[in-house]
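Quick notes on the structure that follows.
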Protein chains: 2
Amino acid sequence: MPRLDESLLTGLPPFSRLGRDQIREILDQAASRRYDEGTAIFEEGFEADRFYLLLDGYLRVVRTTEGGEQIIVLHISPGQLFGIAPALQRNTYPATAVAAAESLALSWPVGLWERFTREYEGFATESYRTLGQRLGQIQDTLTEMATQAVEQRVASAVLRMANQSGRKTDEGIEIAFPVTRQNISDMTGTTLHTVSRLLSRWEKDGVVRSTRKHIVVTDPHRLVLLSDPQG
Amino acid sequence: MPRLDESLLTGLPPFSRLGRDQIREILDQAASRRYDEGTAIFEEGFEADRFYLLLDGYLRVVRTTEGGEQIIVLHISPGQLFGIAPALQRNTYPATAVAAAESLALSWPVGLWERFTREYEGFATESYRTLGQRLGQIQDTLTEMATQAVEQRVASAVLRMANQSGRKTDEGIEIAFPVTRQNISDMTGTTLHTVSRLLSRWEKDGVVRSTRKHIVVTDPHRLVLLSDPQG
DNA sequence: CCGCGACGTTGCTCTGAAACAAACTCCCGG
DNA sequence: CCGGGAGTTTGTTTCAGAGCAACGTCGCGG
(Lines give C-alpha, C1' and ligand atoms only; values in the text may rest on other atoms or scores of the structure.)
Protein backbone atom coordinates (compact mmCIF):
# COMPACT_ATOMS: atom_id res chain seq x y z
CA MET A 1 0.00 0.00 0.00
CA PRO A 2 1.46 3.33 -1.09
CA ARG A 3 2.01 6.00 1.49
CA LEU A 4 -0.63 8.67 1.30
CA ASP A 5 0.53 12.13 0.46
CA GLU A 6 0.21 14.83 3.11
CA SER A 7 -1.18 17.31 0.66
CA LEU A 8 -4.41 15.31 0.64
CA LEU A 9 -5.39 16.76 3.99
CA THR A 10 -3.67 20.11 4.23
CA GLY A 11 -6.17 22.88 3.83
CA LEU A 12 -9.22 20.80 4.70
CA PRO A 13 -11.07 22.50 7.56
CA PRO A 14 -10.83 19.71 10.15
CA PHE A 15 -7.07 19.57 9.71
CA SER A 16 -6.17 23.11 8.74
CA ARG A 17 -4.69 23.96 12.11
CA LEU A 18 -2.35 20.97 12.16
CA GLY A 19 1.33 20.66 11.37
CA ARG A 20 2.95 18.33 8.88
CA ASP A 21 3.88 15.74 11.48
CA GLN A 22 0.37 15.53 12.88
CA ILE A 23 -1.09 15.10 9.42
CA ARG A 24 1.45 12.36 8.81
CA GLU A 25 0.28 10.62 11.99
CA ILE A 26 -3.33 10.87 10.94
CA LEU A 27 -2.65 9.55 7.45
CA ASP A 28 -0.63 6.65 8.76
CA GLN A 29 -3.66 5.45 10.67
CA ALA A 30 -6.06 5.87 7.79
CA ALA A 31 -7.33 3.23 5.43
CA SER A 32 -7.91 4.42 1.91
CA ARG A 33 -10.40 2.85 -0.45
CA ARG A 34 -12.01 3.37 -3.83
CA TYR A 35 -15.74 2.82 -4.38
CA ASP A 36 -17.43 2.21 -7.71
CA GLU A 37 -20.51 4.17 -8.65
CA GLY A 38 -23.49 2.65 -6.90
CA THR A 39 -21.52 0.95 -4.11
CA ALA A 40 -22.53 1.45 -0.49
CA ILE A 41 -19.76 2.68 1.81
CA PHE A 42 -21.79 1.71 4.86
CA GLU A 43 -25.41 0.86 5.56
CA GLU A 44 -28.11 2.28 7.79
CA GLY A 45 -28.45 0.44 11.08
CA PHE A 46 -25.12 -1.36 10.88
CA GLU A 47 -22.55 -1.04 13.60
CA ALA A 48 -20.66 2.22 13.18
CA ASP A 49 -17.10 0.95 13.34
CA ARG A 50 -15.32 3.59 11.26
CA PHE A 51 -15.60 7.27 10.37
CA TYR A 52 -14.72 8.66 6.96
CA LEU A 53 -13.43 11.51 4.89
CA LEU A 54 -14.37 11.84 1.23
CA LEU A 55 -11.31 12.67 -0.85
CA ASP A 56 -12.82 12.49 -4.29
CA GLY A 57 -16.18 11.76 -5.89
CA TYR A 58 -19.69 12.34 -4.55
CA LEU A 59 -21.93 10.46 -2.16
CA ARG A 60 -25.64 10.20 -1.62
CA VAL A 61 -26.88 9.77 1.94
CA VAL A 62 -29.97 7.64 1.73
CA ARG A 63 -32.70 6.29 3.99
CA THR A 64 -34.91 3.40 3.02
CA THR A 65 -38.42 2.83 4.33
CA GLU A 66 -39.85 -0.56 5.24
CA GLY A 67 -41.91 -0.22 2.08
CA GLY A 68 -38.72 -0.16 0.02
CA GLU A 69 -39.05 3.46 -0.99
CA GLN A 70 -35.94 5.50 -0.55
CA ILE A 71 -35.19 9.11 -0.02
CA ILE A 72 -31.95 10.98 -0.47
CA VAL A 73 -31.26 13.06 2.61
CA LEU A 74 -28.20 14.91 1.38
CA HIS A 75 -25.09 14.75 -0.77
CA ILE A 76 -21.48 14.71 0.39
CA SER A 77 -18.76 16.55 -1.54
CA PRO A 78 -14.99 16.03 -1.51
CA GLY A 79 -13.25 17.22 1.64
CA GLN A 80 -16.17 16.45 3.93
CA LEU A 81 -16.25 14.11 6.87
CA PHE A 82 -19.08 11.58 6.87
CA GLY A 83 -20.25 8.60 8.85
CA ILE A 84 -19.42 10.57 11.97
CA ALA A 85 -21.82 8.67 14.15
CA PRO A 86 -19.33 8.66 17.05
CA ALA A 87 -19.58 12.44 17.27
CA LEU A 88 -23.18 11.92 18.29
CA GLN A 89 -22.64 8.95 20.58
CA ARG A 90 -24.35 6.63 18.16
CA ASN A 91 -23.16 3.11 17.64
CA THR A 92 -25.02 2.51 14.40
CA TYR A 93 -25.08 4.57 11.22
CA PRO A 94 -28.32 6.53 10.86
CA ALA A 95 -28.35 6.27 7.06
CA THR A 96 -26.69 4.54 4.12
CA ALA A 97 -23.92 6.22 2.11
CA VAL A 98 -23.77 5.34 -1.59
CA ALA A 99 -21.20 6.47 -4.14
CA ALA A 100 -23.00 8.67 -6.68
CA ALA A 101 -19.86 8.59 -8.80
CA GLU A 102 -16.62 6.70 -8.49
CA SER A 103 -15.24 7.88 -5.17
CA LEU A 104 -12.24 7.74 -2.92
CA ALA A 105 -12.43 7.91 0.85
CA LEU A 106 -10.19 7.60 3.88
CA SER A 107 -11.43 6.01 7.06
CA TRP A 108 -10.40 5.46 10.65
CA PRO A 109 -11.68 3.16 13.37
CA VAL A 110 -14.19 4.89 15.68
CA GLY A 111 -11.89 4.21 18.56
CA LEU A 112 -9.68 7.02 17.30
CA TRP A 113 -12.43 9.64 17.27
CA GLU A 114 -12.02 10.56 20.87
CA ARG A 115 -8.27 10.89 20.45
CA PHE A 116 -8.64 13.03 17.32
CA THR A 117 -10.95 15.46 19.09
CA ARG A 118 -8.63 15.62 22.08
CA GLU A 119 -5.27 15.86 20.40
CA TYR A 120 -5.85 17.68 17.17
CA GLU A 121 -6.67 21.32 17.51
CA GLY A 122 -9.67 22.40 15.53
CA PHE A 123 -10.77 18.91 14.63
CA ALA A 124 -13.68 18.76 17.09
CA THR A 125 -14.72 22.33 16.36
CA GLU A 126 -14.83 21.79 12.62
CA SER A 127 -16.55 18.44 12.86
CA TYR A 128 -19.31 19.89 14.94
CA ARG A 129 -19.59 22.84 12.63
CA THR A 130 -20.12 20.41 9.74
CA LEU A 131 -22.76 18.62 11.74
CA GLY A 132 -24.50 21.87 12.50
CA GLN A 133 -24.55 22.81 8.85
CA ARG A 134 -25.91 19.42 7.96
CA LEU A 135 -28.64 19.67 10.57
CA GLY A 136 -29.58 23.06 9.19
CA GLN A 137 -29.65 21.69 5.67
CA ILE A 138 -31.94 18.83 6.64
CA GLN A 139 -34.25 21.25 8.42
CA ASP A 140 -34.36 23.34 5.27
CA THR A 141 -35.26 20.32 3.20
CA LEU A 142 -37.94 19.37 5.69
CA THR A 143 -39.44 22.83 5.60
CA GLU A 144 -39.39 22.77 1.84
CA MET A 145 -41.08 19.38 1.70
CA ALA A 146 -43.79 20.58 4.01
CA THR A 147 -44.55 23.85 2.32
CA GLN A 148 -43.53 23.88 -1.34
CA ALA A 149 -45.19 22.43 -4.42
CA VAL A 150 -43.44 19.75 -6.45
CA GLU A 151 -42.08 22.07 -9.12
CA GLN A 152 -40.44 24.31 -6.53
CA ARG A 153 -38.94 21.35 -4.71
CA VAL A 154 -37.45 19.87 -7.85
CA ALA A 155 -36.05 23.24 -8.88
CA SER A 156 -34.46 23.66 -5.43
CA ALA A 157 -33.00 20.17 -5.54
CA VAL A 158 -31.39 20.79 -8.92
CA LEU A 159 -30.05 24.13 -7.73
CA ARG A 160 -28.64 22.58 -4.58
CA MET A 161 -26.74 20.00 -6.60
CA ALA A 162 -25.52 22.65 -9.03
CA ASN A 163 -24.33 24.85 -6.17
CA GLN A 164 -22.63 22.06 -4.34
CA SER A 165 -20.92 20.35 -7.22
CA GLY A 166 -21.31 22.75 -10.10
CA ARG A 167 -18.58 23.26 -12.65
CA LYS A 168 -19.00 26.29 -14.86
CA THR A 169 -18.95 25.46 -18.54
CA ASP A 170 -19.74 27.68 -21.51
CA GLU A 171 -23.20 26.06 -21.63
CA GLY A 172 -23.95 26.83 -17.97
CA ILE A 173 -23.47 25.10 -14.62
CA GLU A 174 -22.95 21.38 -14.91
CA ILE A 175 -23.78 18.94 -12.13
CA ALA A 176 -20.58 17.02 -11.57
CA PHE A 177 -21.96 13.56 -10.83
CA PRO A 178 -24.50 11.30 -12.54
CA VAL A 179 -28.14 11.95 -11.59
CA THR A 180 -31.19 10.07 -12.82
CA ARG A 181 -34.81 11.33 -12.76
CA GLN A 182 -35.41 8.67 -10.17
CA ASN A 183 -32.64 10.13 -8.00
CA ILE A 184 -34.23 13.55 -8.17
CA SER A 185 -37.61 12.12 -7.31
CA ASP A 186 -36.00 10.44 -4.30
CA MET A 187 -34.71 13.83 -3.17
CA THR A 188 -38.07 15.51 -3.53
CA GLY A 189 -40.63 12.88 -2.65
CA THR A 190 -42.24 12.72 -6.05
CA THR A 191 -42.17 10.28 -9.00
CA LEU A 192 -39.67 9.96 -11.81
CA HIS A 193 -42.51 10.70 -14.25
CA THR A 194 -43.19 14.09 -12.77
CA VAL A 195 -39.49 14.93 -12.70
CA SER A 196 -39.14 13.89 -16.32
CA ARG A 197 -42.03 16.11 -17.35
CA LEU A 198 -40.60 19.07 -15.46
CA LEU A 199 -37.14 18.67 -16.96
CA SER A 200 -38.64 18.35 -20.43
CA ARG A 201 -40.59 21.55 -19.95
CA TRP A 202 -37.59 23.38 -18.55
CA GLU A 203 -35.49 22.19 -21.44
CA LYS A 204 -38.05 23.51 -23.90
CA ASP A 205 -37.92 26.82 -22.01
CA GLY A 206 -34.14 26.89 -22.18
CA VAL A 207 -33.53 26.66 -18.45
CA VAL A 208 -31.64 23.36 -18.42
CA ARG A 209 -30.05 20.95 -20.85
CA SER A 210 -30.03 17.31 -19.94
CA THR A 211 -29.00 13.96 -21.28
CA ARG A 212 -28.95 10.60 -19.50
CA LYS A 213 -27.75 11.01 -15.94
CA HIS A 214 -26.39 14.39 -16.75
CA ILE A 215 -27.79 17.87 -16.19
CA VAL A 216 -26.56 21.33 -17.10
CA VAL A 217 -28.34 24.38 -15.73
CA THR A 218 -28.21 26.88 -18.55
CA ASP A 219 -30.24 29.62 -16.90
CA PRO A 220 -29.68 29.49 -13.14
CA HIS A 221 -31.50 32.71 -12.53
CA ARG A 222 -34.68 31.46 -14.11
CA LEU A 223 -34.38 28.25 -12.12
CA VAL A 224 -34.16 30.28 -8.93
CA LEU A 225 -37.40 31.98 -9.91
CA LEU A 226 -38.98 28.58 -10.49
CA SER A 227 -37.88 27.44 -7.04
CA ASP A 228 -39.68 30.35 -5.48
CA PRO A 229 -43.41 30.00 -4.70
CA GLN A 230 -44.34 33.24 -6.49
CA GLY A 231 -42.41 32.10 -9.58
CA MET B 1 -34.46 35.59 43.53
CA PRO B 2 -34.88 32.33 45.44
CA ARG B 3 -32.08 29.82 45.34
CA LEU B 4 -32.82 26.94 43.01
CA ASP B 5 -33.07 23.53 44.55
CA GLU B 6 -30.44 20.96 43.63
CA SER B 7 -33.01 18.26 43.11
CA LEU B 8 -34.06 20.04 39.91
CA LEU B 9 -31.02 18.71 38.11
CA THR B 10 -30.09 15.49 39.86
CA GLY B 11 -30.97 12.54 37.72
CA LEU B 12 -31.15 14.45 34.44
CA PRO B 13 -28.80 12.79 31.96
CA PRO B 14 -26.43 15.70 31.29
CA PHE B 15 -25.83 16.08 35.02
CA SER B 16 -26.27 12.58 36.33
CA ARG B 17 -22.57 11.97 36.86
CA LEU B 18 -22.07 15.11 38.92
CA GLY B 19 -21.81 15.63 42.63
CA ARG B 20 -23.89 17.94 44.79
CA ASP B 21 -21.33 20.72 44.80
CA GLN B 22 -20.98 20.76 41.05
CA ILE B 23 -24.73 20.91 40.61
CA ARG B 24 -24.79 23.79 43.07
CA GLU B 25 -22.19 25.59 40.97
CA ILE B 26 -24.20 25.06 37.82
CA LEU B 27 -27.43 26.24 39.39
CA ASP B 28 -25.81 29.32 40.80
CA GLN B 29 -24.89 30.41 37.30
CA ALA B 30 -28.31 29.69 35.83
CA ALA B 31 -31.10 32.12 35.14
CA SER B 32 -34.56 30.71 35.66
CA ARG B 33 -37.60 31.99 33.85
CA ARG B 34 -41.25 31.21 33.29
CA TYR B 35 -42.87 31.49 29.85
CA ASP B 36 -46.56 31.81 29.12
CA GLU B 37 -48.20 29.58 26.55
CA GLY B 38 -47.45 30.98 23.11
CA THR B 39 -44.36 32.95 24.13
CA ALA B 40 -41.12 32.57 22.16
CA ILE B 41 -38.06 31.65 24.25
CA PHE B 42 -35.77 32.61 21.37
CA GLU B 43 -36.17 33.26 17.68
CA GLU B 44 -34.71 31.81 14.53
CA GLY B 45 -31.77 33.76 13.18
CA PHE B 46 -31.16 35.76 16.34
CA GLU B 47 -27.82 35.75 18.06
CA ALA B 48 -27.47 32.62 20.15
CA ASP B 49 -26.41 34.13 23.45
CA ARG B 50 -27.72 31.51 25.87
CA PHE B 51 -28.41 27.80 26.03
CA TYR B 52 -31.32 26.29 27.90
CA LEU B 53 -32.77 23.43 29.88
CA LEU B 54 -36.51 22.86 30.03
CA LEU B 55 -37.58 22.13 33.59
CA ASP B 56 -41.32 22.03 33.10
CA GLY B 57 -43.83 22.44 30.30
CA TYR B 58 -43.50 21.72 26.59
CA LEU B 59 -41.96 23.56 23.68
CA ARG B 60 -42.48 23.60 19.96
CA VAL B 61 -39.46 24.12 17.73
CA VAL B 62 -40.66 26.03 14.72
CA ARG B 63 -39.35 27.30 11.41
CA THR B 64 -41.08 29.98 9.43
CA THR B 65 -40.85 30.39 5.66
CA GLU B 66 -40.63 33.72 3.85
CA GLY B 67 -44.22 33.08 2.80
CA GLY B 68 -45.28 33.12 6.44
CA GLU B 69 -46.09 29.43 6.59
CA GLN B 70 -44.67 27.63 9.56
CA ILE B 71 -43.71 24.11 10.29
CA ILE B 72 -43.11 22.44 13.63
CA VAL B 73 -39.81 20.58 13.51
CA LEU B 74 -40.01 18.86 16.90
CA HIS B 75 -41.22 19.14 20.47
CA ILE B 76 -39.10 19.47 23.60
CA SER B 77 -40.05 17.73 26.84
CA PRO B 78 -39.01 18.52 30.42
CA GLY B 79 -35.44 17.57 31.25
CA GLN B 80 -34.10 18.27 27.78
CA LEU B 81 -31.47 20.76 26.76
CA PHE B 82 -32.43 23.08 23.93
CA GLY B 83 -31.07 26.07 22.07
CA ILE B 84 -27.71 24.34 22.12
CA ALA B 85 -26.43 26.17 19.08
CA PRO B 86 -22.97 26.49 20.64
CA ALA B 87 -22.56 22.71 20.52
CA LEU B 88 -22.64 23.04 16.75
CA GLN B 89 -20.49 26.14 16.50
CA ARG B 90 -23.41 28.23 15.43
CA ASN B 91 -23.83 31.77 16.54
CA THR B 92 -27.49 32.11 15.64
CA TYR B 93 -30.43 29.88 16.58
CA PRO B 94 -31.53 27.72 13.67
CA ALA B 95 -35.20 27.75 14.70
CA THR B 96 -37.67 29.43 17.03
CA ALA B 97 -38.71 27.85 20.34
CA VAL B 98 -42.26 28.56 21.49
CA ALA B 99 -43.92 27.48 24.73
CA ALA B 100 -46.71 25.03 23.84
CA ALA B 101 -47.87 25.21 27.44
CA GLU B 102 -46.80 27.33 30.35
CA SER B 103 -43.15 26.42 30.81
CA LEU B 104 -40.16 26.87 33.05
CA ALA B 105 -36.59 26.88 31.80
CA LEU B 106 -33.10 27.49 33.07
CA SER B 107 -30.50 29.15 30.90
CA TRP B 108 -26.81 29.94 30.84
CA PRO B 109 -24.73 32.31 28.74
CA VAL B 110 -23.09 30.52 25.79
CA GLY B 111 -19.73 31.49 27.12
CA LEU B 112 -20.14 28.78 29.75
CA TRP B 113 -20.75 25.99 27.23
CA GLU B 114 -17.11 25.30 26.68
CA ARG B 115 -16.46 25.17 30.41
CA PHE B 116 -19.42 22.87 31.03
CA THR B 117 -18.20 20.37 28.47
CA ARG B 118 -14.68 20.50 29.84
CA GLU B 119 -15.34 20.42 33.56
CA TYR B 120 -18.48 18.40 34.00
CA GLU B 121 -18.13 14.75 33.29
CA GLY B 122 -20.78 13.34 31.03
CA PHE B 123 -22.18 16.72 30.05
CA ALA B 124 -20.65 16.78 26.57
CA THR B 125 -21.42 13.13 25.95
CA GLU B 126 -25.05 13.48 26.88
CA SER B 127 -25.53 16.72 25.01
CA TYR B 128 -24.22 15.19 21.83
CA ARG B 129 -26.32 12.12 22.37
CA THR B 130 -29.39 14.36 22.56
CA LEU B 131 -28.33 16.08 19.38
CA GLY B 132 -27.86 12.74 17.66
CA GLN B 133 -31.32 11.64 18.68
CA ARG B 134 -32.77 14.88 17.46
CA LEU B 135 -31.02 14.58 14.11
CA GLY B 136 -32.37 11.05 13.78
CA GLN B 137 -35.85 12.26 14.64
CA ILE B 138 -35.76 14.98 12.01
CA GLN B 139 -34.54 12.52 9.42
CA ASP B 140 -37.45 10.26 10.31
CA THR B 141 -39.86 13.10 9.87
CA LEU B 142 -38.30 14.01 6.55
CA THR B 143 -38.57 10.43 5.31
CA GLU B 144 -42.15 10.32 6.44
CA MET B 145 -42.99 13.58 4.68
CA ALA B 146 -41.47 12.32 1.48
CA THR B 147 -43.07 8.92 1.40
CA GLN B 148 -46.28 8.77 3.42
CA ALA B 149 -49.79 9.95 2.61
CA VAL B 150 -51.40 12.65 4.72
CA GLU B 151 -53.43 10.29 6.90
CA GLN B 152 -50.35 8.29 7.86
CA ARG B 153 -48.39 11.43 8.64
CA VAL B 154 -51.09 12.84 10.87
CA ALA B 155 -51.45 9.51 12.68
CA SER B 156 -47.68 9.39 13.24
CA ALA B 157 -47.61 12.95 14.49
CA VAL B 158 -50.36 12.27 17.02
CA LEU B 159 -48.63 9.08 18.15
CA ARG B 160 -45.32 10.88 18.52
CA MET B 161 -46.88 13.48 20.79
CA ALA B 162 -48.68 10.80 22.76
CA ASN B 163 -45.46 8.84 23.22
CA GLN B 164 -43.45 11.83 24.19
CA SER B 165 -45.83 13.50 26.55
CA GLY B 166 -48.55 10.95 27.12
CA ARG B 167 -50.17 10.45 30.48
CA LYS B 168 -52.20 7.31 30.85
CA THR B 169 -55.76 7.96 31.91
CA ASP B 170 -58.68 5.54 32.11
CA GLU B 171 -59.86 6.92 28.76
CA GLY B 172 -56.53 6.29 27.03
CA ILE B 173 -53.31 8.22 26.45
CA GLU B 174 -53.70 11.94 26.84
CA ILE B 175 -51.44 14.45 25.15
CA ALA B 176 -50.12 16.60 27.96
CA PHE B 177 -50.05 19.97 26.25
CA PRO B 178 -52.55 22.00 24.19
CA VAL B 179 -52.59 21.15 20.48
CA THR B 180 -54.76 22.74 17.81
CA ARG B 181 -55.64 21.25 14.41
CA GLN B 182 -53.51 24.01 12.97
CA ASN B 183 -50.55 22.84 15.06
CA ILE B 184 -50.93 19.32 13.75
CA SER B 185 -51.16 20.58 10.20
CA ASP B 186 -47.94 22.52 10.82
CA MET B 187 -46.26 19.29 11.89
CA THR B 188 -47.43 17.37 8.85
CA GLY B 189 -47.48 19.88 6.03
CA THR B 190 -51.21 19.77 5.45
CA THR B 191 -54.17 22.06 6.24
CA LEU B 192 -56.18 22.38 9.43
CA HIS B 193 -59.25 21.36 7.41
CA THR B 194 -57.83 18.01 6.49
CA VAL B 195 -56.67 17.40 10.07
CA SER B 196 -60.10 18.28 11.39
CA ARG B 197 -61.74 15.82 9.01
CA LEU B 198 -59.33 13.06 9.97
CA LEU B 199 -59.82 13.59 13.70
CA SER B 200 -63.59 13.63 13.24
CA ARG B 201 -63.46 10.34 11.39
CA TRP B 202 -61.14 8.78 13.94
CA GLU B 203 -63.41 9.96 16.73
CA LYS B 204 -66.38 8.31 15.05
CA ASP B 205 -64.31 5.14 14.79
CA GLY B 206 -63.40 5.31 18.47
CA VAL B 207 -59.67 5.78 17.96
CA VAL B 208 -59.33 9.20 19.61
CA ARG B 209 -61.40 11.59 21.71
CA SER B 210 -60.79 15.26 21.30
CA THR B 211 -62.00 18.61 22.45
CA ARG B 212 -60.51 22.03 21.81
CA LYS B 213 -56.73 21.91 22.00
CA HIS B 214 -56.88 18.58 23.71
CA ILE B 215 -56.53 15.04 22.41
CA VAL B 216 -56.81 11.62 24.01
CA VAL B 217 -55.78 8.54 22.06
CA THR B 218 -58.28 5.90 23.11
CA ASP B 219 -57.07 3.13 20.84
CA PRO B 220 -53.31 3.51 20.29
CA HIS B 221 -53.02 0.19 18.54
CA ARG B 222 -55.49 1.16 15.87
CA LEU B 223 -53.75 4.48 15.44
CA VAL B 224 -50.48 2.63 14.85
CA LEU B 225 -52.21 0.69 12.09
CA LEU B 226 -53.45 3.94 10.58
CA SER B 227 -49.91 5.31 10.61
CA ASP B 228 -48.72 2.37 8.57
CA PRO B 229 -49.05 2.51 4.76
CA GLN B 230 -50.78 -0.86 4.55
CA GLY B 231 -53.34 0.20 7.13
C1' DC C 1 -22.72 -6.10 -33.66
C1' DC C 2 -26.62 -7.41 -31.41
C1' DG C 3 -29.68 -7.89 -27.44
C1' DC C 4 -31.02 -6.66 -23.11
C1' DG C 5 -31.50 -3.86 -19.17
C1' DA C 6 -31.39 0.62 -17.37
C1' DC C 7 -32.99 5.05 -18.22
C1' DG C 8 -36.14 8.32 -20.18
C1' DT C 9 -40.53 10.21 -22.45
C1' DT C 10 -45.33 10.93 -23.07
C1' DG C 11 -50.34 10.18 -22.95
C1' DC C 12 -54.47 9.25 -20.23
C1' DT C 13 -57.16 8.64 -16.05
C1' DC C 14 -58.46 9.35 -11.53
C1' DT C 15 -58.29 10.75 -6.88
C1' DG C 16 -56.62 12.85 -2.50
C1' DA C 17 -56.30 16.81 -0.55
C1' DA C 18 -55.95 21.88 -1.22
C1' DA C 19 -58.75 25.97 -1.83
C1' DC C 20 -62.74 28.39 -1.08
C1' DA C 21 -66.78 29.20 1.75
C1' DA C 22 -69.70 29.50 5.59
C1' DA C 23 -71.30 28.58 10.01
C1' DC C 24 -70.89 26.89 14.68
C1' DT C 25 -68.97 26.86 19.56
C1' DC C 26 -66.19 27.72 23.12
C1' DC C 27 -63.94 30.87 26.23
C1' DC C 28 -62.10 35.07 27.91
C1' DG C 29 -62.31 39.88 29.12
C1' DG C 30 -64.81 43.96 29.71
C1' DC D 1 -73.83 38.81 30.62
C1' DC D 2 -72.53 40.10 26.29
C1' DG D 3 -69.22 40.50 22.29
C1' DG D 4 -65.57 38.98 19.78
C1' DG D 5 -61.74 36.27 18.61
C1' DA D 6 -59.76 31.85 18.36
C1' DG D 7 -60.58 27.27 17.35
C1' DT D 8 -63.42 23.80 14.87
C1' DT D 9 -66.61 21.58 11.62
C1' DT D 10 -68.57 20.58 7.32
C1' DG D 11 -69.81 21.19 2.46
C1' DT D 12 -68.45 22.06 -2.38
C1' DT D 13 -65.24 22.72 -6.06
C1' DT D 14 -60.99 22.17 -8.31
C1' DC D 15 -56.69 20.48 -9.95
C1' DA D 16 -51.83 18.94 -9.26
C1' DG D 17 -49.67 15.14 -9.48
C1' DA D 18 -49.77 10.00 -8.68
C1' DG D 19 -50.75 5.71 -11.05
C1' DC D 20 -50.94 3.02 -14.98
C1' DA D 21 -49.44 2.00 -19.57
C1' DA D 22 -46.71 1.88 -23.46
C1' DC D 23 -43.02 3.06 -26.11
C1' DG D 24 -38.47 5.11 -27.25
C1' DT D 25 -33.28 5.13 -26.66
C1' DC D 26 -28.90 4.64 -24.99
C1' DG D 27 -24.83 1.90 -23.84
C1' DC D 28 -22.67 -2.12 -22.00
C1' DG D 29 -21.39 -7.04 -22.14
C1' DG D 30 -21.27 -11.14 -24.53
Side-chain angles (χ1 to χ4, degrees), chain A residues 36-38 65 67-71 98 100-102 144-155 157-158 175 177-205 208-216 226 229-231, chain B residues 36-38 60 65 67-71 98 100-102 144-155 157-158 175 177-205 208-216 226 229 231:
Chain A
D36 281 325
E37 186 179 330
T65 64
E69 296 174 290
Q70 68 171 46
I71 90 126
V98 178
E102 191 184 339
E144 200 179 281
M145 277 297 210
T147 61
Q148 314 282 63
V150 169
E151 180 162 17
Q152 275 77 278
R153 301 209 300 268
V154 174
V158 172
I175 295 174
F177 52 88
V179 211
T180 67
R181 320 291 175 205
Q182 177 73 59
N183 291 154
I184 298 180
S185 72
D186 289 342
M187 300 175 64
T188 52
T190 179
T191 60
L192 75 160
H193 307 262
T194 301
V195 174
S196 175
R197 281 181 239 271
L198 287 171
L199 287 180
S200 298
R201 189 160 86 225
W202 294 346
E203 180 135 20
K204 203 170 47 188
D205 296 350
V208 301
R209 280 226 55 237
S210 77
T211 59
R212 302 207 131 196
K213 294 184 158 211
H214 187 234
I215 298 177
V216 181
L226 285 166
Q230 36 268 30
Chain B
D36 281 324
E37 186 179 331
R60 281 192 283 271
T65 64
E69 294 174 290
Q70 69 171 48
I71 89 126
V98 178
E102 190 183 341
E144 201 179 281
M145 276 300 209
T147 63
Q148 314 281 65
V150 168
E151 181 163 18
Q152 273 77 277
R153 302 208 301 267
V154 174
V158 172
I175 295 174
F177 52 87
V179 209
T180 66
R181 320 291 173 204
Q182 176 73 60
N183 291 154
I184 297 180
S185 72
D186 289 342
M187 300 175 64
T188 53
T190 179
T191 61
L192 77 159
H193 306 260
T194 300
V195 173
S196 175
R197 281 182 238 272
L198 286 171
L199 287 179
S200 297
R201 189 159 87 225
W202 294 345
E203 181 135 18
K204 202 169 48 187
D205 296 350
V208 300
R209 280 227 55 238
S210 76
T211 58
R212 305 204 129 197
K213 294 186 159 210
H214 187 234
I215 299 178
V216 181
L226 285 167

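Heavy atoms only: backbone and side chains are in, while hydrogens, waters and symmetry mates are out. Note on naming: letters A, B, ... go to the chains in the order of the sequence lines (proteins, then strands), and numbering restarts at 1 for each one. As the structure is a prediction and not an experimental result, all values here were calculated from the model.
For the pair B:Val158 and B:Ile175, the minimum side-chain heavy-atom distance is below 4.5 Å. The side-chain heavy atoms of B:Gln70 and B:Arg60, taken from C-beta on, include no pair separated by under 4.5 Å. Counting only heavy atoms from C-beta outward, the side chains of B:Ile215 and B:Leu199 approach each other to under 4.5 Å. Between A:Leu198 and A:Val150 there is a side-chain heavy-atom pair separated by less than 4.5 Å.
When the side-chain nitrogen and oxygen atoms of B:Thr190 are compared with OP1 and OP2 of C:dA18, one or more of them lie within a distance under 4.0 Å. Within the 4.0 Å cut-off from OP1 or OP2 of C:dT10, at least one side-chain nitrogen or oxygen of A:Ser200 is found.
Note: CG (B:Asp36) to C1' (C:dC28) measures 15 Å, nearest angstrom. A straight line from CG of B:Asp186 to C1' of C:dA18 spans 15 Å, rounded to a whole angstrom. Rounded to an integer number of Å, the gap from A:Ile184 CD1 to C:dT9 P is 10 Å. If you measure from atom CG of A:Leu198 to atom P of C:dT9, you get 11 Å, rounded to the nearest angstrom. Between the CD1 atom of A:Ile215 and the C1' atom of C:dC7 there is a distance of 13 Å, rounded to whole Å.
Overall, the helix from C:dC1-D:dG30 to C:dG30-D:dC1 carries an axis bend of 40° between its ends, with five pairs at each end and the value rounded to 10°.
Residue A:Thr180 places its side chain closer to C:dG8 than to any other of C:dC20, C:dA17, C:dG8. The side chain of A:Arg197 lies closest to C:dG11, out of C:dA17, C:dG8, C:dG11. Of the listed nucleotides (C:dT25, C:dT9, C:dA17), C:dT25 has the atom at the smallest distance from the side chain of B:Arg212. Picking from C:dG8, C:dA17, C:dC20 the nucleotide with the shortest atom distance to the side chain of B:His193 gives C:dC20.
From the 5' end on, the contacts that DNA chain D makes with chain B at under 4.0 Å to a non-hydrogen atom open and close at D:dA6 to D:dT12.
Panel note: side chain A:Arg153, backbone A:Thr188; a donor-acceptor pair is recorded below 3.5 Å. B:Asn183 places a side-chain N or O within 3.5 Å of a backbone atom of B:Thr180 that can act as its donor or acceptor partner.
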